[in-house]
Novice: 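Dropping a structure here in structure tokens format, bear with me for questions.
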2 protein chains.
Amino acid sequence: MTDTIPIYQQIISYIKEYIDNGIYQKGNIIPSEQEFCNQFNTSRMTVRKAIDELVNDGYLYRIQGRGTFVSHWVYRKSLEVLGFTYHMTQLGYKPSSKVLTFETKRTEPLIAEKLKILPTENVYFLSRVRMADLEPIAIENVYLPEKRFPGLDVYSFEENSLYDVLKTYYKTEVLLKQEKINAIMVEGIYAKILFEKDKGVGMRMTGVDIDTNMSPIAYANSIYHGTKYIFDVIFR
Amino acid sequence: MTDTIPIYQQIISYIKEYIDNGIYQKGNIIPSEQEFCNQFNTSRMTVRKAIDELVNDGYLYRIQGRGTFVSHWVYRKSLEVLGFTYHMTQLGYKPSSKVLTFETKRTEPLIAEKLKILPTENVYFLSRVRMADLEPIAIENVYLPEKRFPGLDVYSFEENSLYDVLKTYYKTEVLLKQEKINAIMVEGIYAKILFEKDKGVGMRMTGVDIDTNMSPIAYANSIYHGTKYIFDVIFR
DNA sequence: GTATACGAGATATATATACATGTTGTATAT
DNA sequence: ATATACAACATGTATATATATCTCGTATAC
């Protein structure tokens with residue numbers, strides 16, 4: 001019935017915005033829980049729920065008896081989950097893509113297992129060169145279950161972000177990405193594209209995207225330019 | 001006064017243990033919040049606080065109206081923060097180290113900035129080959145502020161884990177690691193050690209360790225074997 | 001049989017309150 | 001001057017309660 005956003009979510013957005021705008025600055029104290037109670041006319045438990053989440057996500061940290069402070073450390077994990085397009089835009093580059101292949105394929109056993117589908121189901125295979133300011137940064141190969149995303153092939157993924165399409169037309173949002181990263185020597189056609197040479201050093205990243213129901217929505221197998229792209233990760 | 005562990009912490013430990021022991025299995029439902037209330041004779045808010053944290057950390061996920069379930073996805077982030085020794089032990093390998101260099105040095109500007117110390121202060125420089133079952137996996141170069149860890153040079157870091165020493169003798173624990181990862185071509189002495197060849201593909205990882213007060217305690221600049229070591233990361 | 005309605009049970013959000021614990025600054029006693 | 005005590009204020013933990021929303025199985029009506 002009520003389409004209102006929960007109060008604690010509103011407080012989270014409010015604080016995030018104030019951090020982004022530099023009104024709450026790195027290392028500085030933010031208003032006390034009581035002050036937020038007054039400002040939002042709500043209970044302290046509700047304010048704490050909001051702050052708890054921001055602390056958990058690394059935006060804020062608390063010191064008992066003193067207050068709550070803005071973290072010194074930029075939070076970048078959530079960036080990654082939004083994909084290449086968003087990530088590059090954030091860094092100030094103009095992202096673009098060139099589709100190498102986009103087709104329906106029979107599912108290989110590995111892919112079926114990763115996507116938790118039957119080997120008899122088909123998958124979409126989307127292979128793209130990802131570019132930043134027209135410089136090739138990565139080759140991204142994505143597998144998506146056909147059954148879950150029927151008609152996906154009508155969209156052009158040179159113009160559209162895959163995540164945007166999944167979100168807008170299939171109401172699917174990525175919650176988690178589980179990735180494995182290692183280094184490889186890139187050869188053949190991929191080396192030609194990324195390095196304009198026969199060989200180059202790259203990073204291989206394989207992983208699964210998981211939606212809000214904890215079911216896998218895509219399996220990706222990508223190769224990143226070894227020196228043009230830097231993974232930025234916060235471990236806890 | 002009371003040295004008792006908070007109830008919600010007890011519940012967290014309890015659930016984690018049950019997951020580790022396979023009593024709560026991947027994808028399966030765990031008891032309802034109400035059942036935990038009865039079992040621990042506590043209020044629902046307290047139980048929720050415990051489960052909230054486990055959900056946030058990726059151990060559990062909730063579906064409104066149905067229940068709370070054990071995540072399919074192994075949680076590995078926290079592993080990394082415990083360092084190479086712990087990580088390799090978890091994976092079933094026997095970790096060991098060979099110290100290449102351990103000395104006091106004048107601080108370079110980059111290091112000073114990363115550690116947020118003055119360029120006039122000295123740092124310890126510890127360079128080690130990290131091995132798993134006696135196979136070289138990585139070269140790890142760590143810089144630590146001398147002022148904060150006086151007398152660190154009396155310890156041998158072939159036998160001891162750096163993190164263990166910091167924890168035991170300096171009461172310092174790592175809360176976060178902020179890392180950058182890219183791929184490089186390894187040459188020279190490092191290639192000899194890691195690959196027994198003149199060249200090899202590796203990953204360069206640079207990053208800062210941050211303690212519970214959000215101050216930096218170490219800066220590391222390491223090179224990992226490109227194919228023997230795989231980074232396993234969960235993005236949110 | 002099939003569809004609908006409803007209720008039980010589970011999580012989601014929110015209020016109001018209480019006391020514990022840690023930090024800091026100020027006032028007081030020495 | 002220095003130490004001590006205390007008050008003010010911050011976060012930390014916990015209880016008790018209420019209502020909303022979502023899922024699923026079962027009973028009912030057709």
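Each chain gets a letter, A, B and so on, in the order its sequence line appears, and its residues count up from 1. Here the structure is a predicted model, which is why all the values come from computation and not from measurement.
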Novice: How many whole angstroms separate atom CD1 of A:Ile11 from atom P of C:dT13?
Specialist: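 The distance from CD1 of A:Ile11 to P of C:dT13 comes to 13 Å, rounded to the nearest Å.
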Novice: Rounded to the nearest angstrom, tell me the gap between atom CG in A:Asn41 and atom P in C:dT15.
Specialist: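 Whole-Å distance recorded here is 8 Å.
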Novice: Just how far, in rounded Å, is P of C:dT15 from CG of A:Asn38?
Specialist: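 Distance check: A:Asn38 CG to C:dT15 P gives 13 Å.
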Novice: Under the side chain to side chain donor-acceptor pair (under 3.5 Å) test, which residues partner A:Ser127, sequence neighbours left out?
Specialist: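 Testing A:Ser127 for side chain to side chain donor-acceptor pair (under 3.5 Å), a comparison that skips the adjacent residues, returns A:Asn141.
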Novice: Run the side-chain donor-acceptor check on residues 14-22 of chain A: report pairs under 3.5 Å with partners two or more places apart or on a different chain.
Specialist:
residue : atom : partner : partner atom : Å
A:Tyr14 : OH   : A:Tyr18 : OH           : 3.3
A:Tyr14 : OH   : A:Gln39 : NE2          : 2.8
A:Asn21 : ND2  : A:Glu17 : O            : 3.4

Novice: Tabulate protein N/O versus nucleotide N/O from nucleotides 9-12 of chain D, keeping only pairs under 3.5 Å, one per line.
Specialist:
residue : atom : partner : partner atom : Å
D:dT11  : OP1  : A:Thr68 : OG1          : 3.1
D:dT11  : OP2  : A:Glu33 : N            : 3.0
D:dG12  : OP2  : A:Arg48 : NH1          : 3.2
D:dG12  : OP2  : A:Arg48 : NH2          : 3.1
D:dG12  : OP2  : A:Arg62 : NE           : 2.8
D:dG12  : N7   : A:Arg44 : NH2          : 2.9
D:dG12  : O6   : A:Arg44 : NH1          : 3.1

Novice: Hey, is the side chain of B:Thr46 poking within less than 4.0 Å of OP1 or OP2 on D:dT13, counting only N and O atoms?
Specialist: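 Answer is no, no contact under 4.0 Å.
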Novice: So how far is it from A:Phe84 CZ to A:Arg128 CZ, rounded to the nearest 0.5 Å?
Specialist: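 A:Phe84 CZ to A:Arg128 CZ: 9.5 Å, rounded to 0.5 Å.
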Novice: Between C1' on C:dT13 and CZ on A:Phe40, what's the gap in Å once rounded to a whole number?
Specialist: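 Value for this atom pair: 16 Å.
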Novice: Report the distance from atom CD1 of A:Ile12 to atom C1' of C:dA14, rounded to the nearest whole Å.
Specialist: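 Spelled out: CD1 on A:Ile12 to C1' on C:dA14 is 14 Å.
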Novice: Using OP1 and OP2 only, check whether a side-chain N or O of B:Thr42 sits under 4.0 Å from D:dT15.
Specialist: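 Checking B:Thr42 against D:dT15: at least one side-chain N or O falls below 4.0 Å of OP1 or OP2.
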Novice: Let me know the distance between CD of A:Gln9 and P of C:dT13, rounded to the nearest Å.
Specialist: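 From A:Gln9 CD to C:dT13 P: 7 Å.
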Novice: I'd like to check the side chain to side chain donor-acceptor pair (under 3.5 Å) partners of B:Ser43; sequence neighbours left out, ordered by chain and number.
Specialist: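 Side chain to side chain donor-acceptor pair (under 3.5 Å) list for B:Ser43, sorted by chain: B:Thr46.
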Novice: Could you tell me which residues satisfy side chain to side chain donor-acceptor pair (under 3.5 Å) with A:Arg48, sequence neighbours excluded, listed by chain and number?
Specialist: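 Residues passing side chain to side chain donor-acceptor pair (under 3.5 Å) with A:Arg48: A:Glu33.
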Novice: With a 3.5 Å limit on both atom pairs, tell me what C:dT17 is paired to, counting Watson-Crick and G-U wobble, or say none.
Specialist: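 Base partner found: D:dA14.
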Novice: Report yes if the distance between the aromatic ring centroids of A:Tyr124 and A:Tyr143 is under 6.0 Å, otherwise no.
Specialist: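 Aromatic pair excluded; centres sit 6.0 Å or further apart.
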Novice: Who passes side chain to side chain donor-acceptor pair (under 3.5 Å) against A:Thr206, sequence neighbours left out?
Specialist: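 Scan of A:Thr206 (side chain to side chain donor-acceptor pair (under 3.5 Å), adjacent residues dropped) gives none.
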Novice: A:Ile5 has an atom CD1; how far is it from atom P of C:dA12, in whole Å?
Specialist: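 After rounding, the gap between these two atoms is 18 Å.
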Novice: C:dA10 P sits how many Å from B:Asn28 CG, rounded?
Specialist: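 Checked: the CG to P distance equals 16 Å.
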